[in-house]
Novice: 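Encoded as structure tokens, here's the structure I'll be asking about.
Just so it is clear, the structure is predicted and the values come from calculations on it, not from any experiment. Computation of the quantities below employed the complete heavy-atom set of this structure, encompassing side-chain atoms and omitting hydrogens, waters and symmetry-equivalent molecules.
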Protein chains: 2
Amino acid sequence: MQANIDESLATPSLTAQVHRRLRDDLLRGVLAPGAKLKVQALAESYGAGASPVREALSSLAAEGLVERLDSRGFRAAPASVADFDELVRARCWLEEVVLRESLLAGDPAWEEALVVAHWRLKRLIRADPAWEGAHAAFHQALLAACPSPTLRGMAETLRERAERYRAVAKSVAYPGRDVAAEHAAIAEAALAREVPRAVALLQEHYRSTAAFLREALAKR
Amino acid sequence: MQANIDESLATPSLTAQVHRRLRDDLLRGVLAPGAKLKVQALAESYGAGASPVREALSSLAAEGLVERLDSRGFRAAPASVADFDELVRARCWLEEVVLRESLLAGDPAWEEALVVAHWRLKRLIRADPAWEGAHAAFHQALLAACPSPTLRGMAETLRERAERYRAVAKSVAYPGRDVAAEHAAIAEAALAREVPRAVALLQEHYRSTAAFLREALAKR
DNA sequence: GACGCGTATTCTATCGATAAAATCTCTCGA
DNA sequence: TCGAGAGATTTTATCGATAGAATACGCGTC
């Protein structure tokens with residue numbers, strides 16, 4: 001993404017800055033799901049006028065992180081068990097093809113990047129603040145060789161939506177589960193290009209994470 | 001979609017109106033791919049101020065129909081053979097799972113809706129202005145039973161992007177091809193719930209349409 | 001003590017104006 | 001003839017103000 005480079009060099013437009021910070025706050029749960037997003041309040045908080053905020057909210061609405069009420073402004077997309085279940089289903093099905101095509105197209109550079117991402121993830125414990133980032137990077141590395149940027153982008157969008165739920169129930173524990181082993185198995189199957197096994201493992205990984213999260217959500 | 005009903009009852013906000021008209025003009029090719037989109041000009045043309053236009057453009061950028069240049073405004077997403085090829089690939093892979101899940105989940109009501117959509121399409125010739133709409137409705141009916149609204153929405157987004165290319169080369173002919181027979185075969189396989197055959201036929205349908213369009217595009 | 005209605009307040013949606021940035025144009029010099 | 005550069009012009013990004021909705025509040029009534 002050269003856009004990132006450009007953004008870091010050139011002064012990002014206010015709209016872009018606000019968009020980024022808003023997204024971050026939504027993903028980290030600072031702006032809780034369902035919360036009303038008052039334009040003026042956000043504008044002050046981000047040190048900008050109403051127009052950039054409004055524009056950023058429009059984009060985020062198209063991305064599904066924000067909801068637009070007819071003429072009642074915006075609110076953070078609500079989170080519910082039903083929405084979460086649907087999200088997990090969509091991810092399993094979408095990544096089924098994205099992972100398959102990634103495995104079919106992956107070259108040696110992809111393999112190496114995946115090995116590195118897995119190595120980095122392995123060395124961290126879940127409590128480490130760096131774990132989240134390494135985890136995301138690992139999953140992204142798995143899919144990175146899929147020749148369709150469009151589908152990769154869609155998978156990324158879904159990953160972001162899922163991240164919101166992780167923030168909601170961040171203290172969740174995974175008793176009786178060895179997440180590291182799951183990652184290792186997925187990486188191994190991927191590097192061996194065993195498409196059906198890799199897909200099954202990945203889906204199982206998502207589904208069992210989902211089961212724990214769902215429980216935590218329901219309890220809230 | 002109850003949203004549609006609401007929109008038709010309540011006065012749609014100016015932003016919503018502009019968004020809709022802009023999307024239409026982009027899909028119909030009135031605003032050609034790559035064309036510069038000057039905010040002021042659009043505002044006058046749609047009888048609105050700059051803010052609603054700008055907001056609508058932001059949304060459309062997130063949907064991929066419009067591109068945002070760092071601080072040089074917006075332009076209609078450019079069309080190229082490479083982009084088109086990528087789009088077709090993404091559609092084939094995405095609809096592979098969406099169609100499969102639609103076939104696995106379709107109930108009698110879905111079957112009937114599909115039969116109706118196919119019937120309507122069959123009765124029209126390609127030159128009829130209503131054909132485009134009936135064609136879109138048929139393809140949508142195929143996927144309508146997929147239990148994931150998210151994935152259906154993504155498929156819809158890709159369909160829109162593809163529509164733009166059809167507008168670019170609208171006079172294209174399909175010599176030596178029986179499109180109606182292809183649709184009939186797809187509908188038949190779908191109703192018989194023969195997943196692999198239906199998927200293969202659908203992908204073949206997209207790929208051969210793509211081949212003709214690609215040729216027309218390259219000639220331009 | 002709860003409900004419904006009219007008013008006050010809060011927010012949203014939208015406009016018009018403006019500074020900063022980008023692009024175009026025209027002139028001058030090699 | 002071509003290219004560089006200053007200046008004029010266009011266009012973007014952003015702000016502050018405002019009309020119109022929507023919501024909250026308080027009062028009187030049953």
Novice: Closest-nucleotide mapping onto DNA chain D: is A:A50 or B:V39 further toward the 5' terminus? I mean the 5' end.
Specialist: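 With A:A50 and B:V39 compared, the 5'-side residue is B:V39.
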Novice: Determine: side-chain N/O of B:K36 to OP1/OP2 of D:dT12, distance under 4.0 Å, yes or no.
Specialist: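 True: B:K36 side-chain N/O within range (under 4.0 Å) of D:dT12 OP1/OP2.
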Novice: Looking at B:Y206, is B:R91 sitting on its ring face, NZ or CZ under 6.0 Å from the six-membered ring centre and within 45 degrees of the normal?
Specialist: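 Cation-pi check for B:R91 and B:Y206: passes.
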Novice: Is it true that B:E63 and B:R161 have a side-chain N and a carboxylate O under 4.0 angstrom from each other?
Specialist: no
Novice: Expressed in angstrom and rounded to an integer, what is the separation of B:L69 atom CG from C:dA21 atom P?
Specialist: 17 Å
Novice: Taking 4.0 angstrom as the limit, do A:E132 and A:R166 come out as a salt bridge?
Specialist: yes
Novice: What's the closest nucleotide to the side chain of B:S51 if the choices are D:dT14, C:dC15, D:dT12?
Specialist: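 Taking heavy atoms from C-beta onward, the closest nucleotide is C:dC15.
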Novice: Just how far, in rounded Å, is C1' of C:dA21 from CG of A:L14?
Specialist: 15 Å
Novice: In whole Å, I'd like the distance from the CZ atom of A:F74 to the C1' atom of C:dT12.
Specialist: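 About 9 Å, once rounded to whole Å.
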Novice: Answer yes or no: does a side-chain N or O of B:R54 lie under 4.0 Å from OP1 or OP2 of D:dT12?
Specialist: no
Novice: Starting at CZ of A:R75 and ending at C1' of C:dC11, how long is that distance when rounded to a whole Å?
Specialist: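 Going from CZ in A:R75 over to C1' in C:dC11 covers 16 Å.
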Novice: Between C1' on C:dT14 and CD on B:E55, what's the gap in Å once rounded to a whole number?
Specialist: 9 Å
Novice: Do any side-chain nitrogens or oxygens of A:R72 fall under 4.0 Å of OP1 or OP2 in D:dT23?
Specialist: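 Yes, because at least one side-chain N or O of A:R72 sits under 4.0 Å from OP1 or OP2 of D:dT23.
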Novice: Nearest whole angstrom, please: distance from the P of D:dT14 to the CG of A:L42.
Specialist: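 A:L42 atom CG is separated from D:dT14 atom P by 16 Å.
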Novice: Give a yes/no on whether any side-chain N or O of B:S71 is located under 4.0 angstrom from OP1 or OP2 of C:dA20.
Specialist: no
Novice: When you match B:Q40 and A:A48 each to their closest nucleotide on DNA chain D, which lands nearer the 5' end?
Specialist: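 Going by which nucleotide is closer to the 5' end, it is B:Q40.
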Novice: Could you tell me how far apart A:K38 (NZ) and D:dT23 (P) are, to the nearest whole angstrom?
Specialist: 12 Å
Novice: In whole Å, I'd like the distance from the OH atom of A:Y46 to the P atom of D:dT14.
Specialist: 16 Å
Novice: Does A:E96 come within less than 4.0 Å of A:R100, counting only side-chain N to carboxylate O?
Specialist: no
Novice: Between B:S148 and B:E101, is any side-chain donor less than 3.5 angstrom from a side-chain acceptor?
Specialist: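 No, no side-chain donor-acceptor contact under 3.5 Å.
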Novice: For a quick check of understanding: with a heavy-atom distance under 4.0 Å over all strands, which category does A:L37 fall into, base, sugar-phosphate or nothing?
Specialist: sugar-phosphate
